[in-house]
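Here the structure is laid out as structure tokens; the discussion comes afterwards.
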Amino acid sequence: GDKAWRYNTPTGAAGNGVSSPVVSEGRMFVTSYKDRGYYDVDKWYLHAVDPSTGKQLWRTDALGSFGDGGSITSYAPAVEDGVVYAVASKGKLRAYDVFGSEFWSTSVGKVKGAPTVADGTVYVVEGGGSVDTVHAIDAELGSTEWKADVDASSLGEVAVTNDSVYVASGEQVTALSTSDGEPRWRFDASSSVVSAPVVVDNTVYVAADNNRIYGLSTSDGQPRWTEQELVDGSSLTVVNETVYQTSDDIMRVFEGESGAPTAEVGVSQEVAEIGESVSFDATPTQEGDSPIDSYEWLIDGQEVGQGDSLTHTFGQEGIYNVTLLVTDENGVRDASTVSIRVEDTENNATEWANHGYDVSNTDSHPTAIGPNSNIETEYVYRSSSKVSNTPLILDGRIYLSSRSALTVLTEEGQEEWARGVSSPTAPALTDERVIVGDGGGSVHAFSRLDGDKAWRYNTPTGAAGNGVSSPVVSE
């Protein structure tokens with residue numbers, strides 16, 4: 001507990017405020033403001049500090065200036081893939097590299113909380129009007145992906161998973177789709193929600209003004225459990241399934257797992273032919289404190305059966321999502337989903353012939369004699385967005401550029417690593433690096449081994465950004 005160092009930010013007539021520090025990329029980042037009096041802010045700052053010595057590495061005062069009588073707060077920056085995202089209470093969201101060079105800025109109005117960055121998107125909440133607005137901003141380009149309005153009394157910070165953005169506003173918790181901002185579900189707590197949502201595994205944790213904490217299912221927002229003996233007001237931290245709740249001078253610790261059922265699907269096979277029956281069962285499912293009351297089966301969201309097992313015959317090729325939804329006697333629910341790939345092997349048998357090959361060696365195409373066997377699908381890899389370039393294959397690895405990411409796969413189709421890159425070009429390789437351009441005018445280099453970012457080169461940009469060609473490495 002001995003003091004190692006102290007770092008002072010610029011102060012004003014009435015003092016100043018600093019955000020919570022964030023340590024990443026070997027640097028500590030913190031925002032602060034300097035005021036000239038009550039609710040009259042002179043400057044907002046973003047600082048980069050050496051966490052070992054407390055020495056300033058760089059500082060920018062470009063976050064904003066002057067208050068307007070509203071809330072004055074320093075919000076913690078967010079850092080991902082070597083980019084720092086910071087906002088002021090009123091003004092713009094800005095992106096910097098870890099050396100202090102600005103990539104872009106975009107207006108987001110009067111921000112109510114710290115930014116959250118996940119999977120190539122930055123999320124901030126704007127307030128001050130009749131509604132609050134969740135902004136989804138492309139982390140690479142700074143352009144708006146979508147906006148979604150929520151109740152004007154939101155808490156200003158969100159939690160993000162692969163498919164949902166969770167925001168607490170008024171008496172509701174809302175899950176918005178990460179793809180377009182449309183609501184996936186809403187939960188009504190019948191009392192003001194007083195903590196920002198926290199997501200761990202498949203549970204969303206929030207506290208409400210009725211002295212309750214809720215554990216909600218991420219799939220449908222239904223309560224998996226509630227805790228009813230909390231003190232007024234709450235701040236939540238969740239580690240594994242242990243919940244730490246603080247208010248005033250009290251901290252309570254309890255186990256978040258409270259007997260909810262855990263759904264799990266058993267399946268006879270994950271690849272089938274058209275017309276072949278596939279069997280599903282709920283045997284791996286585990287009961288919680290209460291017996292399971294019902295089992296429901298859905299295929300791509302449509303109910304197809306009930307009971308602890310299902311047999312289904314698929315009539316068309318494609319990828320099908322089969323979901324088991326279980327509900328116990330207290331109404332607590334959980335869901336589990338498996339994907340089934342259905343292939344049209346009969347049509348695949350003529351695929352070579354359809355492309356001009358002589359499958360039967362009939363001499364009808366004597367110069368295009370192909371194999372005398374069916375084409376068999378070895379595996380299918382489903383990218384999270386449209387594949388934009390021909391894959392590069394070298395040394396047992398597949399380098400794949402999609403609309404929003406650079407992904408590296410093994411020859412068996414197993415994902416080794418992926419990095420968010422907006423509209424990536426075809427990649428180029430050196431012995432140690434994979435190099436790719438993006439739609440915003442930057443060139444990125446990543447480690448071929450684990451995807452760690454090595455460097456980023458920015459080309460001159462115009463009002464609408466710019467584009468770069470695919471890189472070429474030679475000599």
Side-chain angles (χ1 to χ4, degrees), residues 19 22 29 31 33 41 43-46 48 60-68 70-129 131-150 154 156-158 160 165 167 176-181 385 403-405 420-424 438-442 444 456 458-468:
S19 72
V22 176
F29 301 97
T31 66
Y33 66 82
V41 169
K43 290 289 185 181
W44 272 281
Y45 300 91
L46 172 64
T60 176
D61 61 3
L63 292 189
S65 61
F66 303 107
D68 64 346
S71 174
I72 306 302
T73 306
S74 293
Y75 295 120
V79 186
E80 184 175 80
D81 292 337
V83 182
V84 187
Y85 306 91
V87 297
S89 290
K90 182 178 182 180
K92 293 187 175 183
L93 169 69
R94 298 179 184 270
Y96 300 87
D97 67 17
V98 294
F99 304 103
S101 297
E102 182 175 313
F103 289 137
W104 52 257
S105 66
T106 186
S107 297
V108 288
K110 194 166 187 174
V111 178
K112 296 187 67 174
T116 300
V117 58
D119 298 326
T121 301
V122 188
Y123 301 92
V124 292
V125 180
E126 175 192 4
V131 296
D132 287 354
T133 302
V134 180
H135 295 252
I137 308 296
D138 187 299
E140 190 75 30
L141 304 178
S143 56
T144 298
E145 296 179 349
W146 51 261
K147 300 179 183 179
D149 291 338
V150 295
S154 74
E157 296 186 11
V158 302
V160 184
V165 181
V167 57
L176 306 172
S177 169
T178 53
S179 61
D180 56 13
S385 58
R403 189 186 69 84
S404 59
V421 179
S422 179
S423 302
D438 68 26
S442 297
H444 308 258
R456 172 174 175 165
N458 297 319
T459 64
T461 60
N466 68 331
V468 297

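Values in this document were obtained by computation on a predicted structure and should not be read as measured data.
Residues satisfying the side-chain contact (heavy atoms from CB on, under 4.5 Å) criterion with Thr121, sequence neighbours excluded, are Tyr123, Ala136, Glu145. Partners of Glu140 according to the salt bridge (charged side-chain N to carboxylate O under 4.0 Å, His left out) rule, which considers only residues two or more places apart in sequence or in another chain, are Arg456.
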Would you check, one step at a time, whether the test side chain to side chain contact (heavy atoms under 4.5 Å, CB included) holds for Val134 with Trp146? CA-CA 8 Å; Val134 180; Trp146 51 261; 4.1 Å; yes
Run the side chain to side chain contact (heavy atoms under 4.5 Å, CB included) test on Val87 and Val124 for me, step by step, so that the C-alpha distance in whole Å, both residues' side-chain angles and the decisive distance to 0.1 Å come before the verdict. CA-CA 9 Å; Val87 297; Val124 292; 4.3 Å; yes
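Contact record, Pro424 with Ala405: CG-O, 3.6 Å, taken as the closest heavy-atom pair. Minimum heavy-atom separation, Lys147 to Thr133: CB-CG2, 3.9 Å. When all heavy atoms are compared, the tightest approach of Thr31 to Ala76 is OG1-N, 4.4 Å. Nearest heavy-atom pair, Asp81 versus Gly420, reported as atom, atom and distance to 0.1 Å: OD2-N, 4.4 Å. Across all non-hydrogen atoms, the minimal contact from Gly109 to Glu126 is CA-OE2, 3.8 Å. Taking all atoms of both residues into account, the shortest heavy-atom contact from Gly127 to Asp132 is CA-OD1, 3.3 Å.
Formation of a donor-acceptor pair under 3.5 Å by the Tyr75 side chain with backbone atoms of Ser19 is not found in this model. Distance alone, capped at 3.5 Å, is enough to place a donor-acceptor pair between the Trp104 side chain and the Ala139 backbone.
Once rounded to the nearest 0.5 Å, the distance linking OG1 of Thr60 with OH of Tyr96 reads 4.0 Å. Taken from CZ in Phe103 to CG in Asp97, the straight-line distance is 4.5 Å, to the nearest 0.5 Å.
For the pair Ile137 and Thr106, the minimum side-chain heavy-atom distance is below 4.5 Å.
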